[in-house]
Amino acid sequence: MRYENEDVPMIGFYDYTVLATYAATALGVTGMFQAVEGRHLTAVFCLLAAGLLDCFDGRIARTKKDRSHQQQSFGIQIDSLNDVLCFGALPSVAGYCAWSRWSDAPTPVWYGAALCVFTLAGLIRLAYFNVTEEERQQTEGGGRKYYLGLPITASALVFPLFYLLGLLLPGGPYILAAGMLLLAALYVTPLRIPKPGLAAICLLSAVGALELAGLILAALGRL
């Protein structure tokens, strides 16, 4: 069997349809670096920016009408791998490192376990989506009109919200851990959630901007 890109100097695809996903991956890795360095606000900004790019990567990819089957499959796979990194690993790392904002004590086992459950639930949800989406494409084709279970990309908005609440209210780490466990439960609960259109994406982007503004004000001590 001969692969499409066998004769090129680098494997993979590098046209504009996947550049948004690659940029989101860079943001996800940068966000984890920033969290480890204690720059929690910058880490959350990277998460929000990666979520914004994820809203449009599929729309960008669909503008290229002559994509081969390999290119389409590659786009789906790279998008899912990016989702695990940006919306599963990054929030967990940022949440774990955020413990230092609330306490000088060592991070307790229960807190780390809550973050592990969150990441695992997101991973399961993505794997299940990939399997069912592959089957659906073979029988139906076209795009989905709804999601089964909360998409893992929801952490781009929900994590900053619970992090902000944790900064403003007593019991910060408990609030953040509870939010992460709630997300984990929603990932694997078979709820039918309509796929957002452009208007909904713009509204969600505005919510993300408000969250970022709230975090900046909290960091400056003005909330």
Side-chain angles (χ1 to χ4, degrees), residues 21 24-36 40 43-44 46-51 53-55 57-58 73 75-103 105-136 144 146-166 171-193 195-196 204 208 211:
T21 303
T25 298
L27 283 168
V29 175
T30 301
M32 286 188 276
F33 292 163
Q34 296 300 305
V36 171
H40 307 296
V44 173
C46 289
L47 175 61
L48 287 166
L53 286 174
D54 184 80
C55 289
D57 60 359
S73 298
I76 292 171
Q77 294 300 322
I78 204 73
D79 183 63
S80 289
L81 293 170
N82 172 72
D83 286 350
V84 172
L85 189 151
C86 289
F87 310 115
L90 172 53
S92 291
V93 173
Y96 191 84
C97 294
W99 174 268
S100 62
R101 291 188 66 98
W102 292 297
S103 175
T107 309
V109 173
W110 66 265
Y111 188 75
L115 298 175
C116 286
V117 169
F118 161 80
T119 306
L120 178 60
L123 182 67
I124 292 170
R125 193 252 179 245
L126 272 173
Y128 185 78
F129 171 82
N130 288 349
V131 171
T132 56
E133 178 65 10
E134 183 179 349
E135 293 177 349
R136 189 192 68 81
R144 281 180 178 264
Y146 66 89
Y147 295 112
L148 188 63
L150 186 70
I152 190 174
T153 51
S155 66
L157 286 180
V158 180
F159 175 84
L161 173 62
F162 279 97
Y163 181 56
L164 178 60
L165 291 175
Y174 297 96
I175 292 173
L176 185 58
M180 302 294 270
L181 289 175
L182 174 62
L183 272 175
L186 292 175
Y187 288 158
V188 295
T189 301
L191 302 171
R192 286 177 177 252
I193 300 175
K195 194 171 182 179
L204 293 173
E211 289 178 342

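Values reported hereafter were calculated over all heavy atoms of this structure, with side chains retained and with hydrogens, waters and symmetry mates removed. The structure presented is a predicted model; accordingly, all values stated were derived computationally and were not measured.
- In this structure, the side chains of Pro108 and Trp99 come closer than 4.5 Å at one or more pairs of heavy atoms.
- Across every non-hydrogen atom of Ala43 and Gly31, the tightest pair is CB-O, 3.3 Å.
- Under a 3.5 Å cut-off, the side chain of Arg125 and the backbone N or O of Leu150 do form a donor-acceptor pair.
- To the nearest 0.5 Å, atoms CG (Leu81) and OG1 (Thr25) are separated by 8.5 Å.
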**Report entry** Evaluation steps, side chain to side chain contact (heavy atoms under 4.5 Å, CB included), between Asp54 and Asp79
**Finding:** CA-CA 8 Å; Asp54 184 80; Asp79 183 63; 3.4 Å; yes
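- Across all their heavy atoms, Phe159 and Gly95 have their closest contact at CZ-N, 3.8 Å.
- For the residue pair Ala98 and Tyr163, the shortest heavy atom distance occurs at CB-CE1, 3.7 Å.
- A search for side chain to side chain contact (heavy atoms under 4.5 Å, CB included) contacts involving Leu90 returns Met32, Leu47, not counting sequence neighbours.
- Under the rule for a side chain to side chain contact (heavy atoms under 4.5 Å, CB included), the partners of Ala177 that lie at least two apart in sequence or sit in another chain are Trp110, Tyr111, Ala114.
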Query raised in the report: Could you walk me through whether Thr132 and Leu148 pass the side chain to side chain contact (heavy atoms under 4.5 Å, CB included) check?
Result: CA-CA 10 Å; Thr132 56; Leu148 188 63; over 6 Å; no
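- Residues passing the side chain to side chain contact (heavy atoms under 4.5 Å, CB included) test with Cys97, sequence neighbours excluded: Ala35, Val36, His40, Val93.
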Give the table of side-chain donor-acceptor pairs shorter than 3.5 Å for residues 179-189, with sequence neighbours excluded, one pair per line with atom names and distance.
from	atom 1	to	atom 2	distance (Å)
Tyr187	OH	Ile152	O	3.2
Thr189	OG1	Ala185	O	2.5

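- Between Asn82 atom CG and Leu126 atom CG the span is 10.0 Å, to the nearest 0.5 Å.
- Considering only residues two or more places apart in sequence or on other chains, Ser80 meets the side-chain hydrogen bond (donor to acceptor under 3.5 Å, both in side chains) condition with Asn130.
- Distance check, rounded to the nearest 0.5 Å: CD of Gln77 to OG1 of Thr21 gives 12.0 Å.
- The two residues Glu211 and Leu48 come nearest to each other via the heavy atoms OE1-CD2, 4.0 Å.
- For the side chain to side chain contact (heavy atoms under 4.5 Å, CB included) test, residues two or more places apart in sequence or in another chain that qualify with Ser92 are Leu115, Phe118, Thr119.
- Across all their heavy atoms, Tyr147 and Pro196 have their closest contact at CE1-CD, 3.8 Å.
- Minimum heavy-atom separation, Ser155 to Pro91: OG-CG, 3.8 Å.
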